[in-house]
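Input: a single structure, listed below in structure tokens.
Excluded from the calculations below are hydrogen atoms, water molecules and symmetry mates; all remaining heavy atoms, backbone and side chain alike, are included. One-based numbering, in listed order, for ligands and for the atoms of each.
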Amino acid sequence: MCVRKEGQLGGLGGEMPSEECADRVTPQGSLYRELPHIINTDGQYLFCRYWSPKTKPRALVMIMHGAGEHSGRYNELAELIMNESIFVFAHDHVGHGQSEGNRMVISNFQVYIRDCLQHIDHMKEKYPGLNIFLIGHSMGGAIAILTANERPNDFAGVMLIAPLITLQPETSTPTKVFLARLLNYVLPNIGLGSIDPNFISRSEEEVKNYINDPLNYHGSVKVSFAVQLLNTVARIEEILPKITWPFLLLHGEADKLCDINGSYHMYDTAPSKDRTLKVYTSAYHVLHKELPQVTSEVFTEIQKWIVKRL
Ligand SMILES: O=C1CC[C@@H](CCC(=O)N2CCC(COc3ccc(F)cc3Cl)CC2)N1
């Protein structure tokens, strides 16, 4: 619903203001009309970020963030890519950051993919003929895989930073999966536990940044959300053997949030000719916010991988 000021009348003639949602505000209280945004097909306002090069862009890159975080956490990576005369764009997924929607709740995972395709189509209209690359992290990696899978010939490459491809064996035994699905019918909003900030990175500064960032969600993973993730993992398992587009997989060897075996499995199963997997010894989940040495290697790897495929 739209927030309207008390006693606000239409224009002088008494007609109602043209945009019926002139005062739509972000979950943090900012006016969407003063922010870059798109409106998805469910009418939800999604906050967008654009990193526009000074020179004519020679490619497009879309960044898809992970669960419980937001697009602002990709500023450094986006600026690095923008400095290669590439136009970088992103939005906060439904239920995340400065976009609308209950925090980390999604009716169907396909909404994330649908919204990304809408944003991609919008950018292709503005910049026709340019190659488009996707970068996805964690749950955003799953979104990137399923987005590329819907348009197998549309993307010049997909870069995946610790993508969600398979379940952590210890946290999702068949019994727990069965119970989660059963519970979803009776208590979908029950919390299963939240992401342990210490699993984010070995950098204490980055763990602190994650904890103190008000745009991150630190609440519990709801059963209904977990079931959407389970369904997504099952969907990805099915399509891996059909993947032919170029991809770069980057994964921390000590990742406790997204099992590195998912990346090994994708590397071994997808028939793509152009595929690369780089494993970072002892590194945790968020490689782009890991110890400086790892993060700088990751940035360089991504930058080189894109430039080589422009
Ligand atoms: O910078 C940042 C900050 C946050 C992080 C991104 C986090 C992210 O996206 N994750 C990690 C957690 C993972 C939980 O998965 C499940 C949970 C229950 C379940 F029953 C089944 C699954 Cl699969 C989903 C993917 N990166």
Can you list the atoms of ligand 1 that are under 4.0 Å from a heavy atom of [X]?
X	answer
Val286	1 (O), 2 (C), 26 (N)
Leu167	23 (Cl)
Ala67	4 (C), 6 (C), 7 (C), 8 (C), 9 (O)
Met139	8 (C), 9 (O), 25 (C)
Leu164	23 (Cl)
Ala226	18 (C), 19 (C), 20 (F)
Gly66	9 (O)

Taking both backbone and side-chain atoms of [X], is any N or O found less than 3.5 Å from an N or O belonging to ligand 1?
X	answer
His137	yes
Glu69	yes
Arg73	yes
Ile200	no
Leu230	no

Worksheet item: Is the closest side-chain donor-acceptor distance between His285 and Asp255 under 3.5 Å?
Response: yes
### Any donor-acceptor N/O pair, Ser203 side chain to Glu290 backbone, under 3.5 Å
no
Say you draw a straight line from [atom1] of [X] to [atom2] of [Y]; how long is it, rounded to the nearest 0.5 Å?
X	Y	atom1	atom2	answer
Met123	Phe89	CE	CZ	5.5 Å
Thr26	Leu31	OG1	CG	8.5 Å
Leu183	Ser224	CG	OG	10.0 Å

Looking only at non-hydrogen atoms, the one of Leu229, Val227, Thr232 nearest atom 14 (C) of ligand 1 is Leu229
Judged by heavy atoms only, the candidate from Gly68, Ser138, Ser172 nearest atom 25 (C) of ligand 1 is Ser138
Whether His137 and Tyr74 hold their rings parallel, tilted or perpendicular, with breakpoints at 30° and 60°: tilted
| message | I'd like to know whether CG of Asn102 has more than 12 heavy-atom contacts from other residues, nucleotides or ligands below 6.0 angstrom. | response | no
Is it the case that over 12 heavy atoms from other parts of the model lie below 6.0 angstrom from the CD atom of Gln28? yes
Does Lys289 come within less than 4.0 Å of ligand 1, judged by its heavy atoms?
-> no
Which residue and heavy atom of the protein sit nearest [atom], plus the separation:
atom	value
atom 3 (C) of ligand 1	Tyr210 CE1, 3.4 Å
atom 13 (C) of ligand 1	Leu257 O, 4.2 Å
atom 12 (C) of ligand 1	Ile195 CD1, 4.1 Å

Salt-bridge contact Arg151-Asp121 (side-chain N to carboxylate O under 4.0 Å)
yes
Apply salt bridge (charged side-chain N to carboxylate O under 4.0 Å, His left out) to the pair Asp274 and Lys308, showing each step before the final yes or no. CA-CA 12 Å; Asp274 179 0; Lys308 200 172 150 205; over 6 Å; no
| message | Do Lys289 and Tyr210 form a cation-pi contact, if we require the NZ or CZ to be under 6.0 Å from the six-membered ring centre and within 45 degrees of the ring's axis? | response | no
